[in-house]
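Heads up, the thing below is written out as C-alpha cells.
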Number of protein chains: 2
Amino acid sequence: MKLSKKSEYALRALLELTMAHGKTTLQRHEIAARQHIPVEFLEQILLALKRAGLLSSRRGMKGGYGLIKSPNEITLGQVIRILDGPLAPIGCVSKTAYEKCRECPYADNPQCPVQHVMGAVRDAISGILDHYTLADFAAGSHKQ
Amino acid sequence: MKLSKKSEYALRALLELTMAHGKTTLQRHEIAARQHIPVEFLEQILLALKRAGLLSSRRGMKGGYGLIKSPNEITLGQVIRILDGPLAPIGCVSKTAYEKCRECPYADNPQCPVQHVMGAVRDAISGILDHYTLADFAAGSHKQ
DNA sequence: GGATTCTTGATTAACACAGTCGGTAATAGA
DNA sequence: TCTATTACCGACTGTGTTAATCAAGAATCC
C-alpha cells in the first residue's frame, strides 16, 4: 500500500510545473532545487511523463519542461499509474491492468472474498485519485 | 499501492480459520492445501499472526491453529498491518506509524498538498479495512 | 562553434519479496 | 519411555524492484 519515491517526486515536480503553467517553463535543476529531488533521478521521471504525453520539453539554452494540457485535465491517478503501475492492490481487481489470479481456489469467481474487499479498496483509491486534478492539487484542496 | 503475497495468504488462511472457528482447529498443511499456499511460507505467516495475538496453536499430534478472538473482533486492517506494515501510502500521513518526511520542502507543514491527498487516501483505505471484520470477510459481504 | 540543456542507455548498491531449508521443542499415542 | 507428529525458529537464497548515478549523444541558443 505504498507510494514510490518516483511517484512522490513526480507529483511534487508537477506541482511546480502547474504553478508555472502559462507563465514559463522550468528546467530540471530548478525543479530539483525547489523540491529537493536528486536531479538525475528527476530527469528520468520527467522523461517518463513526457513520453506519456503530459509534458513538452525543449533542449538547449532556454530549454525546459512545461505542461501540455491544462492542470484540470490531468489527474493524480494518471500520474501515479504512469510511474507505479495500477492502483489496485491486487491484479484480479484492476480495471486498467486486470490479471487473472493463478493458483487461487476462487480463480476468477466473483464471489471471491478477497476480490470483494480489494475491489472496494481499489474503488476508494481510484475514487479519490482519479478525480483529483493537478489544479486541485496545487490549490491544496479538492473540489468534488 | 500493492498488497503483498504474504498479506493475501494471511487473509485466505484466516478465512479458513474463521470457517473452522468454534468447531475445530486446522493444521498448516490443511490450510495450505485448501488455499494453495506453499506450506513453509504459510508457516511464517501463521507464526506472525500468533505472535500478534490473533491465533493460538498447539504442537504435536492433534496440533494446529485456531482463532483466539471472535471473527467479528478482528479486522482486515489489523491483519494487513501485521504483515505489510502501515496502510498509509506515505509515512507522513500514517496514524499508526507516523514518520516526519525528511527532505520535503513542506516538512511537516499540514498545508502540504501531498499530505492532503494522501491523507484522504489513507482514510479511505482505513475506512474500509478497519471496519471490515473476518466475519464480514467470510460471509463475503460487509455490513456497514 | 561553444555553452547549455534535454535525451538515452547502461550500471549500481541496497533492499524487499517470496520462498526454502535444517534443525529444535512440545505433544499424543503406543 | 519411545516414536511419530506437529508446531517453532533462524538462517539462507534467488529474483526483482527501488532509488539512484554516470557517461555519452543530440538539439537549441547565442
With distance as the sole test, does A:Q27 use its side chain to make a donor-acceptor pair with the main-chain N or O of A:G63 at under 3.5 Å? yes
Short question: side chain of B:H131, backbone of B:G127 - any donor-acceptor pair under 3.5 Å?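 At least one qualifying donor-acceptor pair exists.
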Without hydrogens or angle criteria, can the side chains of B:D84 and B:S4 be said to hold a donor-acceptor pair below 3.5 Å? yes
Are B:Y132 and A:H116 linked by a side-chain donor-acceptor pair shorter than 3.5 Å? yes
Taking only heavy atoms on the protein side, list every residue of [range] lying under 4.0 Å from any atom of DNA chain C, sorted numerically.
range: residues 48-60 of chain A; answer: A:K50, A:S57, A:R58, A:R59, A:G60
range: residues 76-97 of chain A; answer: none
range: residues 10-45 of chain A; answer: A:Q27, A:R28, A:E43

Criterion side-chain contact (heavy atoms from CB on, under 4.5 Å) on B:L55 and B:L67, from CA distance to verdict: CA-CA 5 Å; B:L55 301 183; B:L67 283 183; 3.7 Å; yes
Need two values: the first and the last nucleotide of DNA chain D, 5' to 3', having an atom under 4.0 Å from any heavy-atom of chain B.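 Answer, 5' to 3': D:dT5 to D:dC9.
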Roughly how far apart are B:Q78 CD and B:T96 OG1, rounded to 0.5 Å?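 One gets 11.5 Å once the value is rounded to the nearest 0.5 Å.
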State which residues pass salt bridge (charged side-chain N to carboxylate O under 4.0 Å, His left out) with [X]; sequence neighbours excluded, sorted by chain then number.
X: B:E30; answer: B:R34
X: B:D123; answer: B:K95
X: B:K6; answer: none
X: B:R122; answer: none

Report yes if some heavy atom in the side chain of A:F137 is under 4.5 Å from a heavy atom in the side chain of A:L14; otherwise report no. no
Any ring pair (Phe, Tyr, Trp, His ring centres under 6.0 Å) involving residues 33-80 of chain B? Give me the pairs, sequence neighbours left out, ordered by first then second residue.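 Output for this query lists B:Y9-B:F41.
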Under a 4.0 Å N-O cut-off, is there an ion pair linking B:E8 with B:R12?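 Judged by the 4.0 Å cut-off on N to carboxylate O distance, B:E8 and B:R12 do form a salt bridge.
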Assign each of A:Y9 and A:K62 to its nearest nucleotide of DNA chain D by heavy atoms, then name whichever residue's nucleotide is nearer the 5' end.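 Nearest-nucleotide comparison on DNA chain D picks A:Y9.
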Could you list all the side-chain hydrogen bond (donor to acceptor under 3.5 Å, both in side chains) pairs where at least one residue sits in residues 45-64 of chain B, not counting sequence neighbours?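 Counting only pairs at least two positions apart or across chains, the side-chain hydrogen bond (donor to acceptor under 3.5 Å, both in side chains) contacts touching residues 45-64 of chain B are B:K50-B:S57.
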Give me the first and last nucleotide of DNA chain C, going 5' to 3', that has any atom under 4.0 Å from a heavy atom of chain B.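 Here the contact window of chain B covers C:dA18 to C:dG29.
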With sequence neighbours left out, which residue pairs that include part of residues 69-82 of chain B fulfil the salt bridge (Lys or Arg N to Asp or Glu O under 4.0 Å) condition?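 Qualifying pairs: B:R81-B:D130.
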